[in-house]
Number of protein chains: 2
Amino acid sequence: MSVHAFDAAIALAPQGEGAWQGHTSPAYANMIGPYGGITAAQALNAVLQHPQRLGEPIAFTVNFAAALGDGQFLALARPARTNRSTQHWVVEIRQGDHAVATATAVTALRRETWGATETPVPDAPRPPDVPPSQREGRVEWLNRYEMRFVEGGIPPAWDGAEEQDSRTQLWVRDKPPRPLDFAALTSIADVFFPRIWRRRARLTPLGTVSMTVYFHCSAAQLATTGTGYLLGQAQAQAFRDGYFDQTAQLWNEAGELLATSHQIVYYKE
Amino acid sequence: MSVHAFDAAIALAPQGEGAWQGHTSPAYANMIGPYGGITAAQALNAVLQHPQRLGEPIAFTVNFAAALGDGQFLALARPARTNRSTQHWVVEIRQGDHAVATATAVTALRRETWGATETPVPDAPRPPDVPPSQREGRVEWLNRYEMRFVEGGIPPAWDGAEEQDSRTQLWVRDKPPRPLDFAALTSIADVFFPRIWRRRARLTPLGTVSMTVYFHCSAAQLATTGTGYLLGQAQAQAFRDGYFDQTAQLWNEAGELLATSHQIVYYKE
């Protein structure tokens, strides 16, 4: 059996206490540097691989400090604080003498409690009834995801037409399918094309600066989700002076809200 | 003129390169340890005070690792990466040998661009037409904010009644009024009482684990906002197995969206 491209991309080789060597993956190349979602997954993986890790991810924030150069990087993860049921992590990804990303994570032992979902899963046709996007070839990482846009797809023309809102809904999963886990879910949280391209049909240059993912799921729930599709929804709240934000939700086909995510993105005019 | 309680609370004394000594403030005491918003403001202030800081805050994430003990703390802030127009910060708040909070921040030089707000300011009566909350005395920090609940106030009784949603809207400002700045805005982002208390009228024990603030404003815009009220809105998206999230927006009286915020909160049943 061959290794899935995602597993190859997030693989880390131990380099001693809290240090791992990874490498950028041509399979997840973006316009400049790697797809942000894969960098996020690599940073989280340094926590997931850590022998001192307590529990499962609750919150994860990654800050993209610079485009990674092709090749090796060092991922450093340290538990800044370990409590009885929660643990706080500080992560840095370095190339040479420079930080290219910083991150923090909270992991925890969860217990079953009363629960409720307040953001309802949108009405959407089932995945087989939505045609897959045919955007292959433009940047390599797009070929690693199957995307079926329910609403708010890529503008048909870059004619500067302004839309009323920036909302997108799509069915998405790894291509080829791969059983969902925390690393893959983190990467998918960054899968939405930039909200400013949706709001205004212009290829504005941009780059994500910071992304946060909150996990509302357990490893067992992810295992049950398996290779099924996720319904993703993303929308901006504000575009202002070179930065816009994005809020996002990811549900599985059973309608369970697995993760909510936010990011802030630099744009240049 | 006496110093405002907020300025006294976030004051930091330089201790050499990137290190500051601060102290917890009885004026912002919570049930256990300090109000999270004031810890967040103290952590951000270590960045704001840093002589190497470039530009204004864009994104800020703070992770609450433990309740601070009464007394002194050390705030450590270092620029992990400085680019041409952006800068990435790593912050840690320590008491003795232990981290009590970790944080990351992104600061940047912003340029004027096309902009838009997509989350519309809610219809609300003007601040003088909304009675102030009379919750004084329960915990001290509540006395530091003037809160006028437009919708979704504190439940009238802790009878376990379950609501359809957890949304709250309120007018809020420092009490006594204080001109708004990034530190005060960060603190106000945490001002909403816990969403699970709004959703179910039960005094569930809890604590914020991680909070992120995105700034959609400039220092000049904050200066114009001055001592005016902010309209705050907060709502949860999911409550699951001991953790719930909160999304929040803060507008000024002119209807400008100054900040969006998210947090994830531990709760115990």
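Only a predicted model underlies this, so the values are computations on that prediction, with no experimental measurement involved. Naming: A, B, ... by sequence-line order, numbering from 1 per chain.
- Looking at B:Thr113 and A:Tyr267, their side chains do bring a donor and an acceptor atom within 3.5 Å of each other.
- Test B:Thr102, B:Val91, B:Thr104 against A:Val90 for side-chain contact (heavy atoms from CB on, under 4.5 Å) and you get one pass: B:Thr102.
- Between the CD1 atom in A:Ile58 and the OH atom in B:Tyr243 there is a gap of 4.5 Å [rounded to 0.5 Å].
- For the set A:Ser166, A:Ser85, A:Ala105, A:Ala103, the entry with the most heavy-atom pairs within less than 4.5 Å of chain B is A:Ser166.
- With salt bridges taken as basic N to acidic carboxylate O contacts below 4.0 Å, none links B:Arg198 and A:Glu118.
- A side-chain donor-acceptor contact under 3.5 Å links A:Arg81 to the backbone of B:Ala99.
- Heavy-atom pairs under 4.5 Å with chain A peak, among B:Gln235, B:Gln87, B:Gln164, at B:Gln235.
- Between chain A and the options B:Glu269, B:Glu112, B:His262, the largest number of non-hydrogen pairs under 4.5 Å is found for B:His262.
- Interface summary for chain B: among A:Arg167, A:Arg195, A:Glu162, the most heavy-atom pairs under 4.5 angstrom belong to A:Glu162.
- Top candidate by heavy-atom pairs under 4.5 Å with chain A, chosen from B:Leu257, B:Thr86, B:Thr204, is B:Leu257.
- Between chain A and the options B:His98, B:Gln249, B:Glu92, B:Arg200, heavy-atom pairs under 4.5 Å are most frequent for B:Arg200.
- With rounding to the nearest 0.5 Å, the separation of CH2 in B:Trp114 from CZ in A:Arg202 is 9.0 Å.
- Residue contact with chain B, scored on non-hydrogen atoms closer than 4.5 Å, is absent for A:Arg94.
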